[in-house]
Amino acid sequence: MQASYNPKLIEAEVQQGWNEQQKFQAKEDPAREKYYCLSMLPYPSGTLHIGHVRNYSIGDVISRFQRMQGKNVLQPMGWDAFGLPAENAAIKHAVPPAQWTRENIKQMREQLQQLGFALDWSREFATCDPDYYRWEQLMFTRLMKKGLVYNKQAEVNWDPVDQTVLANEQVIDGRGWRSGALVERREIPQWFLKITDYADELLDGLDHLPDWPEAVKTMQRNWIGRSHGAELRFQVADSDTCLEVYTTRPDTLMGATYMAVAAQHPLALEAARDNPEIAAFIEQCRHTGTAQADLDKAEKLGLDTGSKAVHPLTGELIPIWIANFVLMAYGTGAVMSVPAHDERDHAFASKYKLPIKPVVQPADGSELMADEPFIGSGVTINSGEFDGLSSAEAAAAIVARLAQQGDGRATTQYRLRDWGVSRQRYWGCPIPVIYCATCGAVPVPEEQLPVVLPEDVEFSGVVSPLKSDPSWRQTQCPQCGGAAERETDTFDTFMESSWYYARYCCPGAADMLDERADYWLPVNQYIGGIEHAIMHLLYFRFYHKLLRDCGMVHSDEPATRLLCQGMVVAETYFRKHDDGSTSWYSPTEVDVHTDGDGKRQARLLEDDQPVLIGAIEKMSKSRNNGVNPQDLVERYGADTVRLFVLFAAPPEQSLEWSDSGVEGAWRFLRRIWSGIHQHLQAGTPTQLDVAALNAEQRELRRKLHDTIAKVSDDMQRRYTFNTAIAALMELSNHLQRFDDDSAAGLAVTREAWLALIQMLHPVTPHLCTHLWPQLGGTGDIEQAGWPQVDAAARVREAIIVVIQINGKVRGKLELAPGLDQAATLAAARADQNVQRYLSDVTIRKIIHVPDKLLNLVVG
RNA sequence: GCCGAGGUGGCGGAAUUGGUAGACGCGCUAGCUUCAGGUGCUAGUGACCGCAAGGUCGUGGAGGUUCAAGUCCUCUCCUCGGCACCA
């Protein structure tokens, strides 16, 4: 064995061994328990960043830990290859999106391989492969036939200068990012998947996912937003039309003092015909982006249409307003406004001096605040015959009355909207639909799939090559054979990431999936960023149910356990220049020192002059605070990088990058190496005889077996890899301090080093694979399994019990375990410092937590 | 604006079920080792008072519950994630 640790050498050697054995190629084996560990597939943006390294290191620890438990583990990898950045790169560098994407994949694959993840590369694919997306197209045509797909008009952000549709992130302060033109909302026909048909199942299914984070389930519940309320009808005065509204608070109907409709509502458009002021207001409303946050934050504006609605209970006429915060796409595009009991209605009514009529008061009889809405439930007032009822009773009574009149009914509504899957983009999966003048929208027949996206194209960034190329577009109608045109929109890229996990199970299958999916699914452990908590993870669950209802999978949920890791952030360094500009420096160009007063100072290495330390932010190009994992791997080796990202923070928290922290990880691995080197030099151990150990040797064994218990729990149940590593560091510190070269001492040390290497193996597999045979470990470290706890070794002869007086610690006593209250009290009374607090007082109360604490309340 | 997280030494973090706050690592200080050091080793390191024994304070802020609160409750401030076309 070499005296010093050389990761470059051993990592290459160990990886070569894995490749030769095809060690991580998973094979279906019904005789073995399977374990499917899946990390979210990366978008091939160019190079790997630390966020990827973190995600895949977590997945790899879990995978390798499960392999050591004897499971048949599948850990695949692929590429989420369609998407907007490829189009942006094409515009910037004049390179076709396909070429840019495939070059990035090549580079990132090499980087992943260097990190030594236990991935089954034989199952790899990119979602832009026609062999992948053809099945997605097939699925879509099947869903069309099942009635789960429909086409309707929906709004997009329209850039009137570039004549193109913009993504929300391309709209900056209401203007197109490239043209600077004011963006308009425009309606165009788009395809939708009926996710709302599955709303109840998606909601109720969350109750059967005990191993998903509560935060994710809560966010999904709120997103689906099932509410029970009523659909009500208001007659429009002097007209034969009606306003349909939905409300969750029919008990407050008597307090409705005005109606509000969306700017695109037919009633608003009608009012605009002979009123230029209204027409101008509607035009103004078109210039907000489609993003919900923008709409919510925009000033609440409204205008009276002049029309009146008839209150269905009182017959009173109430005004109908147009309001910019009422959405046409959501619900019926109209709401009844009860300013006394709704915050937004109250603000709007106050602004436009509309009447406010309280109809509910708190059940405890407390006074209503004059200037604030009361949004809770209570008891009805000012409601005529409905007075004096609880909110629930009033709601039921009012809905019953309206139903009798034919003006309303109880309904359930969802906040969730159907999934719009059309994108007016080139670099995506073509939507397999043909438009025929006689037959309408016809799904592309199965035998004509896939509809292949042409890859060798010139892409200007304005018009999709699909739309500009008539030879691709023009085709024949599959039904009547007449001239027809292809759909030129492509799918939302969430479509590809909604079923990739299932395709990994069946590479090369002659259908979308085959029986191999039943062996591997559901995913045992899914790992990805918290930013996917709602949309991706909801579509992922939805698609699984679609696959199930098409008979392709036989479970209700795609993944049983979910881990959401936090972001990777880093400190920023900058200088302000005289011209007002700012230069951002990479952490690698800066040296940070702490002076004697604990103040941190940063200097630029290049000129040795100070730079300012900025905020800690998500790693990004604009702040230049990213760190390239490849440089780190070259300098320290993959094991050090993996160790650091797992040690620096628990997986769910954001991880702060630290160069010196990496140094610490590197030092730890070197100490392991030299410690084992010294141990091997010291001599040959005899067979371990636990009955013949001295006190120090027993103490080391106790530490070892405590550590095995802790690390096993941290890795399997808690997923706190940082504390598992800390425990291994403690054990290693003990081992280095333990200076006993006797045969028995060496035997205890050998046992500890072997177990340490086994437990560290999921984290730093190269180092541990290499050291295992050096320590005399037999066979393959992975097949040797996980170290077992020897309960007898953990028994303590003495434990520390804390003595408190009035809740303050006054003594710590080393006592035999299992003492009762009286014996513990006697021991406490014997302690000098405790005695000082017990003279001249009476003990009023004694709290005894056996083997932990004795609290004496005195006075 | 709405929904969801988070806030603990100079720094990253630990404290798993309400029971010793600060494990482990970084940084810093001192000493030793080395031809040398951006090496290695040893010791110390929350703040304040004290020669020491020991004491007081201390988990974003303000209240509360409890023998006991980082942990539970109420209010509040700040940071981050998502908000349906970034992925």
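Chain letters run A, B, ... following the sequence lines, proteins first and then strands; every chain starts at 1. All values below were derived from every heavy atom in this structure, side-chain atoms included, with hydrogens, water molecules and symmetry-related copies excluded.
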[Y] and [X] side chains, donor-acceptor separation under 3.5 Å:
X	Y	answer
A:Arg178	A:Gln170	no
A:Thr723	A:Asp714	yes
A:Asp159	A:Thr164	no

Encoded 5' to 3' (Watson-Crick or G-U under 3.5 Å; [ ] crossing; | other strand), RNA chain B becomes (((((((..(((......[....)))((((((.......))))))((((....))))..(((((..]....))))))))))))....

Residues pairing under side-chain hydrogen bond (donor to acceptor under 3.5 Å, both in side chains) where one sits in residues 728-739 of chain A, two or more places apart or in two chains, turn out to be A:Lys703-A:Glu730, A:Ser732-A:Gln736

Residues 848-859 of chain A vs side-chain hydrogen bond (donor to acceptor under 3.5 Å, both in side chains), sequence neighbours excluded, gives A:Thr824-A:His848

Determine: side-chain N/O of [X] to OP1/OP2 of [N], distance under 4.0 Å, yes or no.
X	N	answer
A:Gln653	B:rA5	no
A:Lys217	B:rA5	no
A:Asn222	B:rC83	no
A:Asn733	B:rC24	no

Return the set of residues passing side-chain contact (heavy atoms from CB on, under 4.5 Å) with [X] (not counting sequence neighbours), or none when no residue passes.
X	result
A:Lys152	A:Tyr150, A:Phe192
A:Ser464	A:Tyr426, A:Leu466, A:Lys467
A:Ser654	none
A:Met567	A:Val569, A:Lys618

Among [options], which is the nearest nucleotide to the side chain of [X]?
X	options	result
A:Asn833	B:rA15, B:rG19, B:rG54	B:rG54
A:Glu656	B:rA23, B:rU16, B:rC11	B:rC11
A:Lys812	B:rU20, B:rG81, B:rG13	B:rU20

Practice task
Run the numbers on A:Arg425 and A:Leu84 for side chain to side chain contact (heavy atoms under 4.5 Å, CB included), then give the verdict.
Solution key: CA-CA 8 Å; A:Arg425 314 210 174 282; A:Leu84 207 49; 3.6 Å; yes

By nearest-nucleotide position on RNA chain B, the 5'-leaning member of A:Glu652 and A:Ala727 is A:Glu652

Please table the atom pairs, donor to acceptor, closer than 3.5 Å between any side-chain atom in residues 290-297 of chain A and protein atoms at least two apart or in another chain.
unit_1	atom_1	unit_2	atom_2	d
A:Thr290	OG1	A:Asn157	OD1	3.3
A:Thr290	OG1	A:Asn157	ND2	3.3
A:Thr290	OG1	A:Asn168	OD1	3.1
A:Gln292	NE2	A:Asp296	OD1	3.3

Using atom names, set out every protein N or O paired with an N or O of nucleotides 63-66 of chain B below 3.5 Å, distance rounded to 0.1 Å.
none

Sorted by chain and number, sequence neighbours left out, side chain to side chain donor-acceptor pair (under 3.5 Å) with A:Glu663 holds for A:Tyr636

query: Is the base of B:rU16 touched by the side chain of A:Lys710 through a donor-acceptor pair closer than 3.5 angstrom?
result: yes

Nucleotides 39-47 of chain B: which of its N/O atoms have a protein N/O under 3.5 Å away?
unit_1	atom_1	unit_2	atom_2	d
B:rU39	O3'	A:Arg670	NH2	3.3
B:rG40	OP1	A:Arg670	NH2	2.8

Checklist entry - Can you list the steps and then say if A:Phe491 with A:Ile431 is a side chain to side chain contact (heavy atoms under 4.5 Å, CB included)? => result CA-CA 6 Å; A:Phe491 280 134; A:Ile431 297 178; 3.7 Å; yes

What nitrogen or oxygen pairs link the protein and nucleotides 84-87 of chain B at under 3.5 Å?
unit_1	atom_1	unit_2	atom_2	d
B:rA84	OP2	A:Gln292	N	2.9
B:rA84	N6	A:Arg415	O	2.9
B:rA84	N1	A:Arg417	N	3.0
B:rC85	OP2	A:Arg423	NH2	2.5
B:rC85	O4'	A:Arg423	NE	3.2
B:rC85	O3'	A:Asn168	N	3.4
B:rC85	O2'	A:Asn168	N	2.6
B:rC85	O2	A:Arg425	NH2	2.3
B:rC85	N3	A:Gln424	OE1	3.3
B:rC85	N4	A:Gln190	OE1	3.3
B:rC85	N4	A:Gln424	OE1	2.3
B:rC85	N4	A:Gln424	NE2	3.3
B:rC86	OP2	A:Asn168	N	3.4
B:rC86	OP2	A:Glu169	N	2.9
B:rC86	O4'	A:Glu169	OE1	3.1
B:rC86	O4'	A:Glu169	OE2	3.3
B:rA87	OP1	A:Leu84	N	2.9
B:rA87	O3'	A:Asp80	OD2	2.5

*C1' spacing across the pair B:rG7 / B:rG13, given as an integer number of angstrom*: 13 Å

